[in-house]
Amino acid sequence: MEYNFREIEKKWRQNWIDEQVYKVTEDESKPKYYVLDMFPYPSGAGLHVGHPLGYIASDIYSRFKRLQGFNVLHPMGYDAYGLPAEQYAIQTGQHPEVTTKNNIQRYREQMNKIGFSYDWSREIRTCEPIYYKWTQWAFIRMFNSFYCYDKKRALPIDELISAFEQNGTKGLNIACGEEMEFTAKEWKDKSKVEKQKILLNYRIAYLGDTMVNWCPALGTVLANDEVVNGLSERGGYPVEQRVMRQWCLRVSAYAQRLLNGLDKIDWTDSLKETQRNWIGRSEGAEMAFKVKNSDIEFTIFTTRADTIFGVTFMVLAPESELVDKLTTNEQRAEVNNYIDITKKRTERERIADHRVSGVFSGSYAINPLTNEAIPVWISDYVLAGYGTGAIMAVPAHDSRDYAFAKHFNLPIIPLIKGCDISEESFDAKEGIMMNSPVQGKEIPGGLILNGLTVPEAIAKTKIYIEEKKLGKIKVNFRLRDAIFSRQRYWGEPFPVYYDENGLPQMLPDKKLPLKLPEVDKFLPTETGEPPLGRATNWAWDTINEKVVSCSLIDNKTVFQLELNTMPGFAGSSAYYIRYMDPRNEQELVSPQADKYWRNVDLYIGGTEHATGHLIYSRFWNKFLYDIGISCEDEPFLKLINQGMIQGRSNFVYRINGTNKFVSFNLKDQYDVTPLHVDVNIVVNDVLDIEAFRNWNPEYNTAEFILENGKYICGWVIEKMSKSMFNVVNPDMIVDKYGADTLRLYEMFLGPLEQSKPWDTNGIDGVHRFLKKLWNIFYGNADSLQITNEAATPEELKSLHKLIKKVTFDIEHFSFNTSISAFMICLNELSTLKCKKQEILEQFIIILAPFAPHITEELWHAFGYKSTICDAKWPEYKEEYLKEDMVKYAISFNGKARFNIELPADMSKEDVEKIALTHENSTKWLQGKEPKKIIIVPQKIVNIVI
RNA sequence: GCUCGGAUGGUGGAAUCGGUAGACACGAAGGACUUAAAAUCCUUUGGCUAUUGCAGCUGUGCGGGUUCAAGUCCCGCUCCGAGUACCA
């Protein structure tokens with residue numbers, strides 16, 4: 001009987017759906033294991049062959065864990081809100097919901113064909129109200145919380161209000177936008193509106209004025225990656241920097257916890273490092289500088305307090321509020337001119353173009369350690385958003401300050417003995433201090449750093465600053481708060497309306513979800529409002545607590561609802577929690593479900609989410625942990641990044657000016673143009689000439705110059721894309737070879753975490769393996785050719801070697817090597833002509849996670865029901881693996897010379913004796929006495945002469 | 001610039017604790033079966049030298065080092081990839 005994979009796979013796909021074998025529920029009798037894939041954005045192009053890589057790996061792991069007796073939660077869903085569907089809607093008028101639904105259906109069909117063991121009853125879609133209700137709910141919780149650094153957690157905002165009422169801001173160590181100070185009395189005297197405004201400075205979800213990329217032509221804020229060279233990625237319109245009032249999440253409050261948490265989780269070092277860099281903790285000091293002839297004082301942040309004696313100027317960011325205060329009348333015109341110029345430059349331009357620019361403010365600051373007056377400059381190399389937006393410049397020991405000083409001819413004072421600063425600054429934190437203070441400028445009782453090493457100087461300066469109250473030790477983070485508003489249609493609406501004072505108010509929980517309204521077009525309004533401004537029913541009636549027509553807005557009881565929507569990461573930040581209890585309408589997750597499933601044990605996905613989703617998710621989870629919803633502080637215990645699958649494009653070579661094509665190895669003899677050719681009509685780099693003629697009418701009459709009767713194509717690795725004709729669709733592979741072959745092949749391609757090109761050149765190998773397996777069972781017969789004879793030691797050894805290897809490999813996510821092991825074992829078994837059920841049964845079980853369809857069919861042929869229900873992962877037994885004879889390599893001075901086979905239980909001394917007296921040994925020893933003999937058990941006997 | 005990876009036959013890749021490098025697979029060459037093709041099976045396959053027979057040398061990007069023994073560990077480079085970037 002032939003291996004008819006099409007029929008087998010179809011049959012079992014249906015059976016699994018009918019029997020609901022993948023449905024899981026909380027089961028206290030079994031240990032839980034949660035395996036999660038990063039859910040996809042359902043794009044119009046469908047899945048290509050690169051998408052399933054991680055899904056196959058996680059599926060193998062899930063099935064493996066299930067066979068080991070774990071209760072495995074393995075869900076899938078869709079990150080359904082997003083830009084492409086909205087852009088498509090703008091162009092075609094097609095509602096994004098319709099496009100999204102169609103795309104989801106296609107994704108689902110494609111995934112079903114690959115035989116994944118998802119519990120589809122738990123499917124979630126971020127754009128469905130039953131799901132986004134809880135995104136909105138969590139947002140309201142964040143609005144009603146603040147972050148306390150002392151308790152290291154989020155707390156209800158009411159606690160902050162009572163703290164203000166009792167002591168004002170005294171003694172509070174809490175996350176905020178700008179530092180505020182007031183007494184309890186001052187607080188009580190403030191109006192209700194003022195109080196609300198102050199509270200926004202502390203809420204975890206807050207409305208704040210932040211610098212954004214604003215694209216006037218598109219009428220929306222753009223994310224950094226949507227802006228290319230100062231122009232919008234879509235349409236190429238200019239983008240400007242603008243301060244806008246936006247919803248933000250105070251992610252920065254969690255910076256230290258996000259950093260600490262990395263030590264507790266099993267992620268790759270490189271990914272942890274990426275997150276550490278992104279969080280960017282830097283320890284330093286904040287120091288106050290007085291302005292000469294003024295009572296103004298400003299603070300700067302520095303990690304090099306030790307270089308204070310080398311400060312020769314100060315620099316303010318152009319956006320800093322201090323600029324206006326410190327600019328003197330003589331300099332005002334010049335400063336304003338400079339500010340105007342920098343405003344027009346986009347963030348991109350500033351980053352791309354590092355030319356030195358700046359302007360003198362006219363003011364001088366007083367160095368608190370030397371009492372010298374130093375000029376205050378303004379330059380765009382200082383960023384408003386980091387630290388205090390002001391720096392002390394030490395040109396001798398900072399390359400940017402150095403460039404600035406050289407350009408404007410400002411003094412440079414070297415502080416490290418022997419450093420050469422004629423060409424560039426000396427930035428390293430090493431060496432012995434000098435000029436600190438400069439000889440002859442010592443202040444009685446002042447700080448002296450001369451002769452100390454840099455680390456000693458840093459420590460001493462910090463202590464001095466604190467003692468003299470010149471400043472304080474401060475830890476700064478690069479991690480910034482997340483901007484949470486988008487001027488988009490296709491996203492979660494905010495459960496927010498604006499009251500008569502323009503202050504945001506949350507909708508009551510019981511009225512959630514606030515559903516996305518219908519609009520006539522998916523564009524901004526004529527007055528520049530976001531698309532939701534087009535909705536006619538988008539006002540909140542506070543009396544009847546429902547959405548009503550905008551025409552009823554009176555700003556007394558009926559108010560405007562928020563017009564922004566939430567960004568893409570809103571829905572993906574806590575989806576893994578929702579899978580635990582996806583249909584619960586009363587709670588985000590029931591405490592029972594949460595306590596059972598806890599968090600994700602294994603998360604597989606791409607590395608591109610390192611500084612986005614994986615930071616937001618950890619933040620979101622920590623918040624839910626603080627408010628008692630999630631019982632775990634970290635959401636993803638182990639994380640594996642699957643590599644990207646690149647395209648492998650094929651080329652044909654057309655002789656210029658003709659319709660003649662020359663084979664790859666002969667092309668150098670002609671004047672040719674390489675042309676992309678559809679990889680689907682090329683097999684092992686050999687062109688299917690007939691298919692090529694039919695591929696494009698232009699090539700109907702094409703002629704070919706062949707080598708060895710074949711047309712060989714050239715190839716190159718590039719991104720998988722339609723325009724390169726290198727997109728390979730998984731459906732096609734499933735159709736041609738079957739899902740099991742696709743699964744095995746994608747794993748066999750190479751290490752999971754490595755990026756690699758898709759290349760079907762080796763797919764026959766794994767397909768042959770499955771055919772060979774089938775032939776062991778059926779051969780040419782139509783009935784099973786299996787016996788009940790007892791297995792021989794050789795057969796048992798081959799099998800148990802395999803069990804040991806595959807168990808180890810799966811646990812280490814080394815799927816490519818386990819497939820090799822299957823092939824080796826199958827070859828051994830066919831050499832032994834093994835047809836024994838005892839052996840083959842177990843072979844089938846361990847292959848089941850990799851190739852579920854064929855194994856299910858063969859398992860069923862044994863008379864069992866389903867590997868998913870009645871199979872158990874076998875344990876290997878060392879006793880079967882024992883070798884009777886051990887091969888020793890006899891080596892002289894580390895060079896292996898010959899092999900001998902000796903009984904495994906022979907003592908070291910006897911092995912030594914035999915090795916030395918072996919006839920071949922005398923040749924190498926030449927009568928000399930060996931200096932040393934080293935025996936590595938079961939491997940090598942090394943004789944040192 | 002900084003951080004983190006990587007470099008092994010014609011190709012994808014193995015070598016899990018420093019122990020006979022090249023498993024497994026593809027491709028290629030030769031052979032068997034077949035009217036023929038497909039499918040299947042067998043042999044060879046890092047390079048060089050030798051080949052009637054054994055065999056020998058060399059070899060994991062480059063240059064050093066440690067060790068009886070290095071693809072693996074240490075030092076110094078080269079190249080490639082990823083992330084990040086005026087973060088004071």
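Just so we're on the same page: letters track the sequence lines, and every chain starts at 1. For clarity, every value in this text was computed on a predicted model and none was experimentally measured.
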Query raised in the report: Quick one: is A88(B) close enough that its OP1 or OP2 comes under 4.0 Å of any side-chain N or O from R478(A)?
Result: no
Query raised in the report: For A82(B), does either OP1 or OP2 sit under 4.0 Å from a side-chain N or O belonging to Q754(A)?
Result: no
Check every strand shown and say whether [X] touches a base, only sugar-phosphate, or nothing at a heavy-atom separation below 4.0 Å.
| X | result |
| --- | --- |
| R768(A) | sugar-phosphate |
| P751(A) | sugar-phosphate |
| N775(A) | nothing |
| S270(A) | sugar-phosphate |
| L749(A) | sugar-phosphate |
| N816(A) | sugar-phosphate |
| K804(A) | nothing |
| E608(A) | nothing |
| F748(A) | base |

Would you please say whether a donor-acceptor pair under 3.5 Å links the side chains of [X] and [Y]?
| X | Y | value |
| --- | --- | --- |
| Y616(A) | T611(A) | no |
| N775(A) | Y3(A) | no |
| S820(A) | T817(A) | no |

Report summary line: Answer for the Watson-Crick or wobble partner of G76(B), both distances under 3.5 Å, is C62(B)
**Report entry** Salt-bridge criterion met for R276(A) and D263(A) (N-O under 4.0 Å)
**Finding:** yes
